[in-house]
Amino acid sequence: MTTLYDNIAELVTNDPTAGDHSPLGIIADAALLVDGTHIAWVGPRSAAPDAEHRVDCENRSLVPGFVDSHAHLVFDGDRAAEFAARMAGQPYDGGGIATTVAATRRATDATLAATVARLSHELRNSGVTTFETKSGYGLTVDDEERSLRVASDFTSETTFLGAHVVPAEFALRRDAYVDLVRTTMLDACAPHARWIDVFCDRGAFDVDEARAILTAGIAHGLHPRLHASQLGRGDGILLAVDVDAASVDHCTYATDEDIEALAGSSTVATLLPGAEFSTRAHWPDGRRFLDAGVTVALATDCNPGSSYTTSMPLCIALAVRDMHLTPAEALWAATSGGAAALRRNDIGSLTAGRRADFVVLKAPTYIHLAYRPGVDLIETTVVGGRDETA
Ligand code: NIG
Ligand code: FE
């Protein structure tokens, strides 16, 4: 079945050989042809081919679906009181993770699945067409395994994060916990995961522990990614580059040396503005990364502690306002950047042959995503050619 999305005021392709030849490859007065699950053609509407169905986009902007490459959706409970305490002056140090671990361990599989379903529905309605999600609130062999089993019913981008923090029962035996993660827990979790991640930061895991865990994951066929330099400076970003991680996430305290290493690598720096917003942290300057030639992605980091948002448009607006990305750079980072952070080349741009994952905005230009913060601008979310707007 073919469907022509016609009357598009501004089509963002992310193909620099198309349209205005900018990185967003913008075609004005455009049309887009979907054949089944994939894009068959994009171009000016004056040259549009015939189709069985036609959707009138009414002079709106059509952009690639957002790719949320970093989320923690498998958990139970919330931490609203912790957020309120932070806004009253308490610092964020990751200590609240233990609260979510306790609630997650008590929850049934059905309760965990209901949370992932609710949040993935929110993501769809915020224009997200692909999302990653992590374990990391179970921290026992069984609870990590079931977290990933539940997650894999919703996305193929699943990440084993048994090394989120050392759970309380191992506080005096952290070496034993690292050993558990890289042996028995990894054996149980690897069949349900594509990625392995470690929270390499102050109060979580050091760089030697992180390297040991990532190395074991790689030996099990998982691909590495990392949380690093969220709470302070450290060597996590250099480790990510060294193991050719697809992405290193947060990078709030990245040094010049870190940025230089990233620029010479194929590791993406994923910035998480929801976390800086919700923890009232210092804002990393996205310009430093972009000006050095680093590939930047934006993601929600949706989790009940440091960033309880599913809104990619909010993340775009914050990245523009507070991380100094232009609206064009922020949109690219939330789409093609996210695809690069997941090492995917079938999504993130709108050219013939790619998956038909896109969003029609209630706006004439993508700039409104940052210009109209907090306003619902998602008209339609199409995933694999299907309208999945709820
Ligand atoms: O990415 N930094 C580590 N993990 C999460 C936060 C987890 C939590 O506070 O529950 C993050 O921000
Ligand atoms: Fe995270």
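Positions are given from 1, in the same order as the sequence printed here. Given the structure is predicted, the values throughout are model-derived calculations rather than measurements.
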Within the 6.0 Å centroid threshold, strictly below: Y253 and H282: yes
Just checking [X]: does its [atom1] atom have more than 12 heavy atoms from other residues, nucleotides or ligands closer to it than 6.0 angstrom?
{"X": "R118", "atom1": "CZ", "answer": "yes"}
{"X": "E169", "atom1": "CD", "answer": "yes"}
{"X": "Y308", "atom1": "OH", "answer": "yes"}
{"X": "R202", "atom1": "CZ", "answer": "no"}
{"X": "R287", "atom1": "CZ", "answer": "yes"}
{"X": "R233", "atom1": "CZ", "answer": "no"}
{"X": "R372", "atom1": "CZ", "answer": "no"}

Is a side-chain donor or acceptor of [X] paired with a backbone partner of [Y] at a separation under 3.5 angstrom?
{"X": "D346", "Y": "R355", "result": "no"}
{"X": "R60", "Y": "A363", "result": "no"}
{"X": "D15", "Y": "G25", "result": "no"}

Axial cation check for F170 ring with R173, 6.0 Å and 45° limits: yes
Steps toward side chain to side chain donor-acceptor pair (under 3.5 Å) verdict (T133, T155): CA-CA 8 Å; T133 195; T155 180; over 6 Å; no
Worked verdict on E157 versus T130 for side chain to side chain donor-acceptor pair (under 3.5 Å): CA-CA 8 Å; E157 300 294 349; T130 299; over 6 Å; no
Other ILVMFWY residues reachable from L62 by side-chain steps of under 4.5 Å: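 Y5, I8, L11, I27, L32, V34, I39, V42, V55, L350, F358, V360, V382, all in the cluster of L62.
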Do [X] and [Y] have side-chain atoms, one donor and one acceptor, less than 3.5 Å apart?
{"X": "E276", "Y": "T252", "value": "yes"}
{"X": "S336", "Y": "N14", "value": "yes"}
{"X": "S266", "Y": "D244", "value": "yes"}

Full working for side chain to side chain donor-acceptor pair (under 3.5 Å) between T100 and R79: CA-CA 8 Å; T100 304; R79 283 156 48 201; 2.8 Å; yes
Mutual orientation of the aromatic rings belonging to Y371 and H368 [parallel < 30°, tilted 30-60°, perpendicular > 60°]: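 It falls in the perpendicular class, over 60°.
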Mutual orientation of the aromatic rings belonging to H250 and H227 [parallel < 30°, tilted 30-60°, perpendicular > 60°]: tilted
Nearest non-hydrogen partners of D249 and R225, listed with the distance: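 Between these two residues, the closest heavy atoms are OD2-NH2, 4.5 Å.
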Taking every non-hydrogen atom, the tightest pair across M185 and T140: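 Closest approach of M185 to T140, heavy atoms only: CE-C, 3.7 Å.
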Salt-bridge present (D291, R288; N to O < 4.0 Å): no
